[in-house]
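Everything numeric in this text was worked out from a predicted model, so none of it was measured. Reckoned from all heavy atoms, side chains included, excluding hydrogens, waters and symmetry mates.
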Number of protein chains: 2
Amino acid sequence: MGRRSIHTQEELRELIIAATTSIIDEAGIDGLSAREIAKHIGYSPGTLYNMFENLDDLLLIIEARLLDDLRQQLIEAAQNAPAHERLPRLAATYFEFTQNHPKRWSLLIEHRIPGNHPVPDWYEDKISSLLQPFEDVLDPILDADTSPETRRQHARTIWAGIHGLTSLSTANKLATITNHSGQVLIDDLVMTYLAGLQRSTSHGVSTAPQKEKR
Amino acid sequence: MGRRSIHTQEELRELIIAATTSIIDEAGIDGLSAREIAKHIGYSPGTLYNMFENLDDLLLIIEARLLDDLRQQLIEAAQNAPAHERLPRLAATYFEFTQNHPKRWSLLIEHRIPGNHPVPDWYEDKISSLLQPFEDVLDPILDADTSPETRRQHARTIWAGIHGLTSLSTANKLATITNHSGQVLIDDLVMTYLAGLQRSTSHGVSTAPQKEKR
DNA sequence: AGTATGTATTGAACGGCGGCCCATGATCGC
DNA sequence: GCGATCATGGGCCGCCGTTCAATACATACT
């Protein structure tokens, strides 16, 4: 066949991305193949290679969208929560998000580009921009004289901690953590870490008297 | 060919396990195949299937050994540290261990048994026995009236948090975390969480005055 | 030493998968 | 009609896990 003009290039691109996403969500990456995608959209395998370099290219784009979605939800969650509940909400949102798209989330974590070529720059940017909401929310909690590096460090720590809980319940082989118990642990982690932060900022460099936050 | 009697069954088994381990450590699971293992040990592919059900079976055994090793190192680390430093040492040991065997560690996390059959019981036991050292070390830190469930919960939380940091630096695609900075973050996580625990145990159910640990 | 018996090992073969390419032909805008 | 463009889909090549009849060896027995 030749040109169909049923879909524009742009529509076709989106069609491919949507089909791939749904295959992954259902069957995981092991259920994915060029032929399978083609079957889903009613085109032939060759078509994929008119729109994307190769499958890894396509996967990267899907991962990027997932990261964008997550970031968006984090930002919204933080905005819609009262100040003193922002960090817990952020954590819960992160956890829920990964629970809602477990297969795609696993892809994001586990997908490696063959020949250990580095990931594109824009991808790394998206990763590290996940950190921003945590920094923003952590900011008003910390003492004013906390150094920027220390702020970032705390943000990373808590981000990584949350990430650990999510990945333990997503990776079904270590799943001693269920969806419900995950929420509890997330809360434990965040609240206790926060308590620790407030304790050390009151005991540390600053000699100011302890400020109770409530 | 027929029987060689160069290696006993047991030796052959170990040979296979060793070869597989080294292939994974070098090339990751993508570099692994029955033929590749056979080449390494100078036997034919068929031989593998005299000793193991299939490749997944073999992989599970390798994962089990990794878990055993880690558990052993955790226990030793805890024993050789002064009481008030046990938790940080535990965390650092966990982190170092995964850094020392990144590919094999990733295998452990990412390997799924096809047809989503469940993992054998002994495997789950090994996973959850990783929690034990953390519980043991956390125990003397917590208030005496902390319930057993709460203890386990805290142990899980901190375990998962540490796990998150390790997996962020092992999964090279999110690697905003280097080996060095990982150590720093691990310390941050553990120390702050601990501080938080002590704060809440002093402020919570118990009305005992704050106990400074130094 | 020779034969028989059982077994450990073989490795070719099966059936299937996969990514990716490209000569061909269909369909478009003009 | 005519060239440009887009989609095709069969085919190339390579990989994989796994099997099993055949075989070469070790052992036991005569």
Side-chain angles (χ1 to χ4, degrees), chain A residues 1-21 23-24 26-63 107 110-117, chain B residues 1-21 23-24 26-63 107 110-117:
Chain A
M1 285 199 231
R3 192 194 302 186
R4 286 194 195 165
S5 293
I6 298 174
H7 303 108
T8 66
Q9 300 280 98
E10 204 45 47
E11 284 171 340
L12 197 43
R13 227 185 127 81
E14 290 306 319
L15 225 51
I16 293 173
I17 292 177
T20 308
T21 301
I23 292 171
I24 292 171
E26 278 177 36
I29 200 176
D30 290 338
L32 189 78
S33 70
R35 293 175 230 264
E36 186 68 22
I37 300 170
K39 199 190 302 172
H40 261 65
I41 61 175
Y43 280 75
S44 82
T47 300
L48 302 185
Y49 293 86
N50 296 334
M51 317 295 306
F52 301 92
E53 271 294 299
N54 50 47
L55 284 193
D56 287 308
D57 186 27
L58 171 56
L59 288 182
L60 271 186
I61 287 165
I62 287 177
E63 295 164 30
L107 168 72
E110 295 169 12
H111 174 225
R112 281 164 183 71
I113 285 122
N116 53 14
H117 281 155
Chain B
M1 283 203 234
R3 194 193 299 187
R4 286 196 197 163
S5 293
I6 298 175
H7 303 108
T8 67
Q9 300 280 98
E10 203 45 48
E11 285 170 339
L12 197 42
R13 227 184 127 82
E14 291 305 319
L15 226 50
I16 293 172
I17 292 177
T20 308
T21 301
I23 291 171
I24 293 172
E26 277 176 38
I29 200 175
D30 290 338
L32 190 79
S33 71
R35 292 172 232 265
E36 187 68 23
I37 301 170
K39 200 190 302 173
H40 261 64
I41 62 174
Y43 280 75
S44 84
T47 300
L48 303 186
Y49 293 84
N50 297 334
M51 317 297 306
F52 301 92
E53 272 295 298
N54 51 45
L55 284 193
D56 287 307
D57 185 29
L58 170 56
L59 288 182
L60 272 186
I61 287 165
I62 288 177
E63 295 164 30
L107 168 72
E110 296 170 13
H111 175 225
R112 282 163 183 71
I113 286 122
N116 52 14
H117 281 155

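Residues Thr21(A) and Ile24(A) fail the side-chain proximity criterion, which asks for heavy atoms closer than 4.5 Å. The closest side-chain heavy-atom distance from Leu60(B) to Phe52(B) is not below 4.5 Å.
Taking side-chain N and O atoms only, Thr47(A) has a distance below 4.0 Å to OP1 or OP2 of dT8(D). Taking 4.0 angstrom as the limit, Gln9(B) places a side-chain polar atom (N or O) nearer than this to OP1 or OP2 of dT9(C). Contact annotation: Ser44(B) does not reach the phosphate of dG11(C) (side-chain N/O to OP1 or OP2, under 4.0 Å).
Closest approach of Arg112(A) and Glu110(A) over heavy atoms only: NH1-O, 2.8 Å. Taking every heavy atom of both residues into account, Met51(A) and Leu12(A) meet most closely at SD-CD2, 4.4 Å. Minimum heavy-atom separation, Pro114(B) to Asp56(B): CD-OD2, 3.3 Å.
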Pairwise N/O distances under 3.5 Å, protein to nucleotides 16-20 of chain C:
residue	atom	partner	partner atom	Å
dG18(C)	N7	Arg35(A)	NH2	3.3
dG19(C)	OP2	Ala34(A)	N	2.9
dG19(C)	N7	Arg35(A)	NH2	2.8
dG19(C)	O6	Arg35(A)	NH2	2.5
dC20(C)	OP2	Tyr49(A)	OH	2.9
dC20(C)	OP2	Leu55(A)	N	3.3

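Taking atom CZ of Arg13(A) as the reference point, atom C1' of dA7(D) lies 17 Å away to the nearest angstrom. Computed from coordinates, the Ile41(A) CD1 to dG9(D) C1' distance equals 14 Å when rounded to whole Å. The interatomic distance linking Ile29(B) (CD1) with dG17(D) (P) rounds to 10 Å, in whole Å. In this structure, Ile23(B) atom CD1 and dC16(D) atom P are separated by 11 Å, rounded to whole Å. One can place CD of Glu10(B) at 14 Å from P of dA8(C), the figure rounded to the nearest angstrom. Atom NZ in Lys39(A) sits roughly 19 Å away from atom C1' in dA7(D) (whole-Å rounding). Atom CG in Leu48(B) sits about 10 Å away from atom P in dT18(D), given to the nearest Å. In this structure, Asn50(B) places its CG atom 9 Å from P of dT10(C), rounding to the nearest Å.
Contacts of Leu12(A) with the nucleic acid, taken as non-hydrogen atoms under 4.0 Å apart, involve only primed sugar atoms and P, OP1 or OP2.
Not a single side chain to side chain donor-acceptor pair (under 3.5 Å) links Asp57(A) to another residue, sequence neighbours left out.
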Contacts under 3.5 angstrom, residues 34-45 of chain A side chains, donor-acceptor by atom type, not counting sequence neighbours:
residue	atom	partner	partner atom	Å
His40(A)	ND1	Glu36(A)	O	3.4
Tyr43(A)	OH	His7(A)	ND1	2.9

